[in-house]
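See below for the structure under consideration.
Nothing fancy with the numbering, it's 1 onward along the sequence. Worth knowing before you read on, the calculation uses all heavy atoms, side chains too, and leaves out hydrogens, waters and symmetry mates.
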Amino acid sequence: MTIKAIAIDIDDTLLNSKMLVTPAVKQQIQRAMEQGIKVVLCSGRPLAGLIPFLQELGIRGANQYVVTYNGAITQSVEGKIIGKHLLSADDFDRIQAFCDQHQVHFNALDDCSRIYTSNQQISWHTVRQAAENQAGIQVLSSQDLPIRFPLAKLMLADEPEKLDSIKTKLRLLFGDRYYIVRSQPYFLEVLNRQADKGRGLTDLMNQLGLEASELAGIGDEANDLPMFATVGTAIAMGNARPEIQQAADWVTVDNDHDGVAVAIRRLLAE
């Protein structure tokens with residue numbers, strides 16, 4: 001069946017190691033859109049963190065869509081929500097207590113791209129996260145707690161070795177309550193149990209009347225596995241870990257050698 005939409009992860013997939021969209025990738029994305037194929041940026045980032053790439057790629061208009069916060073929110077590029085799976089203030093308290101106990105840096109994102117943390121010493125990973133997402137950071141004092149608004153996701157943002165040391169315990173305690181996924185070596189994310197990239201794309205398919213066989217997905221990390229399980233054609237980057245590549249239908253080249261461009265070229269030729 002003809003591909004009608006291509007979901008593309010951002011970090012280490014769309015972007016090369018210099019955090020750039022290469023000319024070859026941009027050319028193939030524009031070629032796909034000229035053929036009427038929707039290009040859906042599918043990322044752990046909020047909408048604010050995708051806007052620079054949407055603008056660069058010329059993805060605009062009320063009938064173009066993104067999957068944000070790892071599937072917690074699916075929306076048009078203009079911000080109209082078509083699917084939302086959020087966390088509550090109680091979830092913030094629960095994970096904050098775990099992080100305090102284990103001395104792990106922690107932050108939370110609301111559904112408007114804002115970042116909150118109760119850490120008085122902010123992790124530099126959180127600072128970088130805020131810069132990438134074009135978001136400010138609000139440091140919560142004891143007077144600000146408990147929070148009284150819903151959240152899109154919770155982030156454990158720390159050194160990879162630190163996250164490696166506590167990830168098993170986090171999943172043992174909370175794995176039946178939340179979707180817990182490693183999106184980067186320095187990010188361990190906690191989301192609504194119904195939120196992942198696969199669910200976000202399912203929300204989009206329901207909106208557009210598409211079948212799974214009409215979607216392709218390109219990614220590199222564990223948070224892309226639900227996307228792989230949902231789309232008809234799953235494509236892993238050459239820089240993805242072996243277990244991610246094994247879950248894909250086929251593997252393109254790495255993000256420093258125009259892997260997304262190579263993948264789209266093959267999809268359009270099939």
Side-chain angles (χ1 to χ4, degrees), residues 9-21 41-56 66-73 86-87 89 91-147 149-167 170 178-191 195 197 220-224 239 255:
D9 173 54
I10 302 294
D11 296 293
D12 298 318
T13 299
L14 177 72
L15 304 181
N16 65 13
S17 59
K18 296 181 180 179
M19 303 297 286
L20 299 173
V21 181
L41 300 189
C42 193
S43 174
R45 299 187 187 210
L47 179 59
L50 301 187
I51 287 175
F53 308 116
L54 294 169
Q55 292 175 339
E56 182 177 2
V66 290
V67 174
T68 58
Y69 301 100
N70 272 327
I73 298 179
L86 300 182
L87 296 166
D91 300 316
F92 179 96
D93 295 340
R94 191 174 291 115
I95 302 303
Q96 181 197 27
F98 175 91
C99 291
D100 288 348
Q101 178 185 357
H102 294 88
Q103 299 183 318
V104 180
H105 286 98
F106 166 77
N107 69 67
L109 286 83
D110 68 11
D111 56 358
C112 295
S113 304
R114 292 180 289 253
I115 297 174
Y116 303 84
T117 183
S118 55
N119 299 146
Q120 299 305 305
Q121 293 184 332
I122 302 173
S123 164
W124 75 271
H125 296 300
T126 296
V127 174
R128 181 172 66 175
Q129 173 191 350
E132 290 177 349
N133 294 340
Q134 300 192 352
I137 303 172
Q138 181 176 340
V139 180
L140 301 171
S141 68
S142 58
Q143 289 77 21
D144 298 317
L145 298 173
I147 64 168
F149 48 86
L151 297 166
K153 65 177 180 177
L154 306 172
M155 302 280 289
L156 283 65
D158 218 309
E159 296 305 310
E161 297 79 9
K162 183 67 174 179
L163 299 183
D164 288 341
S165 72
I166 56 89
K167 63 181 181 182
L170 181 72
Y178 304 113
Y179 171 52
I180 299 172
V181 67
R182 194 77 166 263
S183 58
Q184 294 286 335
Y186 36 81
F187 290 143
L188 185 59
E189 306 194 10
V190 179
L191 299 103
K197 290 186 180 183
D220 76 296
E221 255 296 354
N223 60 332
D224 296 311
N239 49 287
N255 62 324

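Residues Leu170 and Val104 form no side-chain contact, since every pair of their non-hydrogen atoms from C-beta on lies 4.5 Å or further apart. Taking 4.5 Å as the limit, some side-chain heavy atom of Leu50 sits within range of a side-chain heavy atom of Thr68. Taking the side chain as every heavy atom from C-beta outward, Asp224 and Asp220 approach each other to under 4.5 Å. Under the 4.5 Å side-chain criterion, counting only non-hydrogen atoms from C-beta, His125 is not in contact with Asn107. Side-chain contact between Tyr69 and Leu86 is absent, with no heavy atoms from C-beta onward closer than 4.5 Å. Put simply, the side chain of Arg114 does not reach to within 4.5 Å of the side chain of Gln138, judged on heavy atoms. At a threshold of 4.5 Å between non-hydrogen side-chain atoms, the residues Leu15 and Asn255 do not count as touching. Ser141 has its side chain within reach of Asp144: a pair of non-hydrogen atoms, C-beta onward, lies under 4.5 Å apart.
In this structure a side-chain-to-backbone donor-acceptor pair under 3.5 Å is present from Lys197 to Cys42. Judged purely by atom type and a 3.5 angstrom limit, Asp12 has no side-chain atom pairing as donor or acceptor with the backbone of Asn239. A side-chain donor-acceptor contact under 3.5 Å links Lys153 to the backbone of Gly44.
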Steps toward side-chain contact (heavy atoms from CB on, under 4.5 Å) verdict (Leu47, Leu54): CA-CA 10 Å; Leu47 179 59; Leu54 294 169; 4.2 Å; yes
Show the numbers, then the answer: is there a side-chain contact (heavy atoms from CB on, under 4.5 Å) between Asp164 and Glu159? CA-CA 9 Å; Asp164 288 341; Glu159 296 305 310; over 6 Å; no
For Ile166 and Leu156, what are the C-alpha separation, side-chain angles and deciding distance, and is it a side-chain contact (heavy atoms from CB on, under 4.5 Å)? CA-CA 10 Å; Ile166 56 89; Leu156 283 65; 3.6 Å; yes
Intermediate values then yes/no, side-chain contact (heavy atoms from CB on, under 4.5 Å), Thr126 and Asn119: CA-CA 10 Å; Thr126 296; Asn119 299 146; 5.8 Å; no
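Expressed to the nearest 0.5 Å, how far CG of Leu154 lies from CG of Leu87 amounts to 5.0 Å. To the nearest 0.5 angstrom, Met155 atom CE is 8.5 Å from Leu191 atom CG. For the atom pair CG (Asp11) and CG (Asn16), the distance works out to 11.5 Å, reported to the nearest 0.5 Å. Going from atom OG1 of Thr117 over to atom CG of Leu109 covers 10.5 Å, rounded to the nearest 0.5 Å. From Asp100, atom CG reaches atom CG of Asp93 across 10.5 Å, with rounding to the nearest 0.5 Å. Here the CD-OH distance, from Gln129 to Tyr186, works out to 10.0 Å after rounding to the nearest 0.5 Å.
Cation-pi geometry between Arg94 and Tyr178 is not met at under 6.0 angstrom from the ring centre and within 45 degrees of the axis.
For an aromatic pair to be called close, the ring centres must be under 6.0 Å apart, and Phe106 with Phe92 satisfies this.
What you find for Leu140 and Leu145 is that their closest heavy atoms are CD1-CD2, 3.8 Å. Shown here for Met19 and Arg45, the closest heavy-atom pair between the two residues is CE-NH2, 3.5 Å. In this structure, Ala222 and Val181 approach most closely via the heavy-atom pair C-CG2, 3.9 Å. Here the shortest heavy-atom pairing between Ala195 and Ala72 reads CB-CA, 3.7 Å.
Under the rule for a side chain to side chain donor-acceptor pair (under 3.5 Å), the partners of Ser183 that lie at least two apart in sequence or sit in another chain are Glu189.
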